[in-house]
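In what follows, chains carry the letters A, B, and so on, assigned in the order in which the sequence lines appear, proteins first and then strands, with residues in each chain numbered from 1.
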Amino acid sequence: MTTFADLGLSPKVLNAVEAAGYTIPTPIQAGAIPHALQRKDVLGIAQTGTGKTASFVLPMLTLLEQGRARARMPRTLILEPTRELAAQVEENFVKYGKNHRLNVALLIGGVSFDDQLRKLERGADVLIATPGRLLDHFERGKLLLSAVDILVIDEADRMLDMGFIPDIERICKLIPFTRQTLFFSATMPPEITKLTEQFLHSPARVEVAKAATTAKTVEQKLVKSGKKDWEKRAVLRDLIRAEDEGLKNAIIFCNRKKDVSELFRSLVKHEFDAGALHGDMDQRARTTMLANFKDGKLKILVASDVAARGLDIPDVSHVFNFDVPIHSEDYVHRIGRTGRAGRSGKAFTLVTPADVKHLSSIEKLIGEDISWLDGDLSTLPVSTEPEEAPRRGRRKAEPKRRPRNEGRERERPQSEIDILAAADKAKDAEEAPVVAEVAVAPRNADKPHRAAIKADNEQRRGKPSQAEPRRDHRRERDDLGSAPVGFGDEIPAFMLIDTKI
DNA sequence: AAAAAAT
């Protein structure tokens, strides 16, 4: 059997790989590394979770042992579609490059230029970037790409989905013709094939695993739900509670960023150990949320599809699809977050009557019918939600209660969400009324969540999320100002009037 | 019906 020692990697690299506890390369690593070390172009067709990242990081480290970088002239460039993926690649360079003294620079948006400029100035051996920020630096003249010797394009098909291809083409043209290119994509749509023909020179083609297959170790279930958001939230809460025993950690996927925020707030209000991750969040919040989730400090991560692909979060026990994904491939990527490395995992998808069309295209794609959870929710704890959703009545009622805050909701959609989540909570007869909860809880256990909510709120209001000095004052306003203070468990009838239908 | 990425 092939081991890492057979692939031609340098002793320094092998030592770091051993220290990380690996001896046997994955198929993509075994296939790609020898070619990369021979300075050949590589076309790697591989899903995430196949060890793809190490298949370019390890040979790059070996090749970089000779020579050194000059100021503003990076020696290698790795392009990634999302900031989290770029950061993850950087972590790999730290992990496997522990015996090297290489300068690694991460150029991503959402963070300050200063650090990045300093690293460029110092001379980067490895530059890891998302396209936008890279071009920004380039246009400011802080960066020359004429010394790039190895170019890696990762997740090319996803870059295509995200409309990055023109940027990629532009960047490729700025890098010398004589470079070595390592190109990775999970699928090969025509546009990507065209790109490889344009920018790769007689590449070694390494292909592993097929697209659109779901791991056999993932138990998939469909769960019926009403189509209103509050109904879905109730079903989800019941489901999480029912699964509690085997639930180590979970990612909950929503289709929209707005719903990520809403669901996150609602779960926190219901005292679930939850965090959120989507692309409109402050970069610092994104980083902390992901780090905390990876470290096990956070049990539940509510996320948009920014987290669907590529992120290496080992050992996620559950994936919940709060929404059925619109594009069926996303389903495969989402549930691929669990059941990794032969471990078992569970994937639940909430399905409303409106979702049947998308559901059938998913089942067609994966080539099997997903079974329903016992036909309905009868085996789960009974949901005690009332017939009417309080949302519409409440939204109408609010200006009457607070005439001075007219227009406030438009600026601050969060206030509405807070009310909604608080109302959800107030309805739950077992739990303390909202007033008591906000009065007692904030300074204690869920402080980080409140801080995160606040950061997200401020982000949405277009303010910088670092108002540390005003913190206590703001917390009280955010928490108490928008909650239905004084109503306790009872919701006045006028607030429950359903105006539609 | 969306999300992602430069500000």
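Closest to the side chain of Arg83(A), out of dA2(B), dA3(B), dA5(B), is dA5(B). If you check dA6(B), dA2(B), dA4(B) against the side chain of Arg256(A), the one that comes closest is dA2(B). You'll find that the side chain of Arg133(A) is closest to dA6(B), out of dA2(B), dA6(B), dA4(B). For Ile326(A), the listed nucleotide lying nearest its side chain is dA2(B); candidates were dA2(B), dA6(B), dA5(B). The side chain of Ser304(A) lies closest to dA3(B) when the candidates are dA2(B), dA5(B), dA3(B).
Among the atoms of the strands shown, none is found under 4.0 Å from any heavy atom of Gly163(A). Nucleic acid contact for Arg140(A): none, since no nucleic acid atom lies under 4.0 Å from a heavy atom of the residue. Within 4.0 Å of Asp323(A), counting heavy atoms only, lies no atom of the nucleic acid at all. At the heavy-atom level, Asp305(A) lies nowhere under 4.0 Å from the strands shown.
Atom CZ of Phe138(A) is separated from atom P of dA5(B) by 23 Å (rounded to the nearest Å). A straight line from CZ of Phe164(A) to P of dA3(B) spans 15 Å, rounded to a whole angstrom. Going from atom CG of Asp330(A) over to atom C1' of dA2(B) covers 9 Å, rounded to whole Å. Ile165(A) has its CD1 atom 16 Å from the P atom of dA5(B), to the nearest Å. Residue Asp280(A) contributes atom CG, which lies 8 Å from atom P of dA3(B) at whole-angstrom precision. The distance from atom CZ of Arg170(A) to atom P of dA6(B) is 14 Å, rounded to the nearest whole Å. Following rounding to the nearest Å, Arg158(A) (CZ) and dA5(B) (P) show an atom-to-atom distance of 8 Å. His137(A) has its NE2 atom 14 Å from the C1' atom of dA5(B), to the nearest Å.
Dashed line: the shortest gap from a side-chain N or O of Arg334(A) to OP1 or OP2 of dA2(B) is not under 4.0 Å. Regarding contacts with the backbone of dA2(B), every side-chain N or O of Lys258(A) stays at 4.0 angstrom or more from both OP1 and OP2.
The shortest distance between side-chain heavy atoms of Lys95(A) and Val57(A) does not fall below 4.5 Å.
Within the model, atoms CG of Leu63(A) and CZ of Phe56(A) stand 13.5 Å from one another, a figure rounded to the nearest 0.5 Å.
Between Glu243(A) and Lys299(A), none of the side-chain N atoms (NZ, or NE/NH1/NH2) sits under 4.0 Å from a carboxylate O, so this pair counts as no salt bridge.
With a 6.0 Å radius and a threshold of 12 heavy atoms from other residues, nucleotides or ligands, Lys227(A) has its NZ atom at or below the threshold.
Using cut-offs of 30° and 60° for the angle between ring planes, the Phe348(A) and Phe320(A) rings count as parallel.
At a cut-off of 3.5 angstrom, the base of dA4(B) holds no donor-acceptor pair with the side chain of His278(A).
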